Amino acid sequence: MTPRQVFERLPDGITKREPDQLPDLYAEDAVVEVLFAIPKPLRLVGRETLRTHFGGAVDRPWELRAQNVVIHETADPEVIVAEYDYKGRITTTGRSFRGANVIVLRVRDGKIVSSRDYHNHLVLAEALGNLPEVVSALSAE
């Protein structure tokens, strides 16, 4: 698969809550950096770590749908930059939100070997109603 084809399967698996299929998109030694994770950046190394991470997302109280997807090819044939929004809804309250995302993805031999993810986690925290706690946690560091 090309980097574009691999990326197209990623938000699809996340929005459909199919965590068992997502780790197969990654190389065994893949590195994923979620640089705006709250309260601090997150670094996930290895397919099995990603399997655990994605598996934990199934029970989260939100639904997501990817929209406005734009994929930029780069001079490096292994690398793409994807911009997109997640339109979401908190299932416990019905509250809606929209969060911007950018991912810099390196794909080799049809597998993601590295990903630098920039997601707007504050939008989700606000929609969940826990923004004051997040701000407090950030202030404490």
Side-chain angles (χ1 to χ4, degrees), residues 1-108 110-141:
M1 288 191 294
T2 68
R4 178 182 290 270
Q5 291 168 324
V6 171
F7 170 77
E8 288 169 347
R9 296 176 81 187
L10 188 60
D12 194 46
I14 290 169
T15 59
K16 291 181 179 175
R17 295 184 182 233
E18 296 174 346
D20 294 341
Q21 297 175 16
L22 290 170
D24 295 336
L25 298 174
Y26 293 84
E28 191 166 325
D29 59 349
V31 176
V32 175
E33 296 174 288
V34 186
L35 299 162
F36 295 152
I38 298 172
K40 61 184 180 177
L42 180 63
R43 182 178 166 92
L44 304 166
V45 179
R47 185 184 296 144
E48 293 311 309
T49 300
L50 290 162
R51 186 178 312 283
T52 300
H53 176 75
F54 288 130
V58 172
D59 297 329
R60 296 201 175 129
W62 57 76
E63 298 170 340
L64 299 171
R65 188 171 75 233
Q67 295 183 326
N68 307 319
V69 178
V70 178
I71 299 174
H72 304 277
E73 307 286 335
T74 70
D76 183 335
E78 292 185 338
V79 177
I80 62 167
V81 178
E83 299 177 77
Y84 59 101
D85 297 325
Y86 272 135
K87 182 177 181 186
R89 184 180 74 81
I90 305 301
T91 57
T92 54
T93 65
R95 190 166 186 185
S96 297
F97 65 94
R98 181 181 305 271
N101 305 273
V102 174
I103 295 182
V104 180
L105 206 62
R106 178 174 296 276
V107 176
R108 188 174 298 133
K111 300 286 184 186
I112 300 167
V113 294
S114 68
S115 181
R116 292 178 59 89
D117 300 8
Y118 303 88
H119 307 294
N120 187 343
H121 292 274
L122 290 177
V123 167
L124 180 59
E126 197 275 329
L128 287 167
N130 62 10
L131 191 56
E133 292 87 357
V134 168
V135 170
S136 180
L138 290 172
S139 299
E141 287 189 15

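Since this is a predicted model, take the numbers as computed values, not measurements.
Using a 4.5 Å heavy-atom threshold, the side chains of Glu63 and Thr91 count as touching. Considering only heavy atoms from C-beta on, Thr2 stays 4.5 Å or farther from Val107 through its side chain. Taking the side chain as every heavy atom from C-beta outward, Glu73 and Arg4 approach each other to under 4.5 Å. Counting only heavy atoms from C-beta outward, the side chains of Tyr86 and Asn120 never approach each other to under 4.5 Å. The shortest distance between side-chain heavy atoms of Ile103 and Leu10 falls below 4.5 Å. Between His121 and Val34 the shortest side-chain heavy-atom distance falls below 4.5 Å. Proximity of Val81 to Val102: side-chain heavy atoms (C-beta onward) are separated by under 4.5 Å at one or more points. Leu105 has its side chain out of reach of Val79: every pair of non-hydrogen atoms, C-beta onward, lies at least 4.5 Å apart.
Between Lys111 and Glu28 there is no salt bridge, since none of the side-chain N atoms of the basic residue sits less than 4.0 Å from a carboxylate O of the acidic one. Between Glu126 and Arg95, at least one side-chain N (NZ, or NE/NH1/NH2) sits under 4.0 Å from a carboxylate O, which counts as a salt bridge.
Nearest heavy-atom pair across Pro41 and Leu35 is CG-O, 3.6 Å. Looking at every heavy atom in both residues, Leu128 comes nearest to Pro61 through CD2-CG, 4.0 Å. Closest approach of His53 to Leu42, counting heavy atoms only: CE1-CD2, 4.0 Å. Scanning both residues, Ala30 and Leu50, for their nearest heavy atoms gives CB-CD1, 4.3 Å. In terms of heavy atoms, Arg9 sits closest to Leu22 at O-CD2, 4.4 Å. The two residues Met1 and Gln5 come nearest to each other via the heavy atoms CA-OE1, 3.3 Å.
Between Arg98 and Gln67, the side chains place a donor N or O and an acceptor N or O closer than 3.5 Å (distance only, hydrogens not considered). No side-chain donor from either of Asp76 and Thr74 sits under 3.5 Å from a side-chain acceptor of the other.
Atom-to-atom distance recorded for Gln21:CD and Asp12:CG is 8.5 Å, nearest 0.5 angstrom. The CG atom of Asp117 lies 8.5 Å from the CG atom of Asn101; values are rounded to the nearest 0.5 Å. The distance from the CG atom of Leu64 to the CZ atom of Phe97 is 5.0 Å, given to the nearest 0.5 Å. Considering CG of Asn130 and CD1 of Ile38, their distance stands at 8.5 Å, rounded to 0.5 Å. Put simply, OH on Tyr26 and CG on Leu44 are 9.0 Å apart, with the number rounded to the nearest 0.5 Å. Interatomic distance, OG of Ser114 versus CZ of Arg108, reported as 7.5 Å (0.5 Å rounding).
Ring geometry for His119 versus Tyr84: interplanar angle over 60°, hence perpendicular rather than tilted (30 to 60°). Relative ring orientation between Tyr118 and Phe36 is described as perpendicular, the plane-to-plane angle rising above 60° on a 0-90° scale split at 30° and 60°.
Side-chain atoms of Thr49 come within 3.5 Å of backbone atoms of Val45 as a donor-acceptor pair (strictly under, hydrogens ignored).
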Item to check | Test log, rule side-chain contact (heavy atoms from CB on, under 4.5 Å), inputs Ile112 and Phe7 | outcome: CA-CA 9 Å; Ile112 300 167; Phe7 170 77; over 6 Å; no
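Remark: Ser96 pairs with no residue by the side-chain contact (heavy atoms from CB on, under 4.5 Å) rule, at least two apart or across chains.
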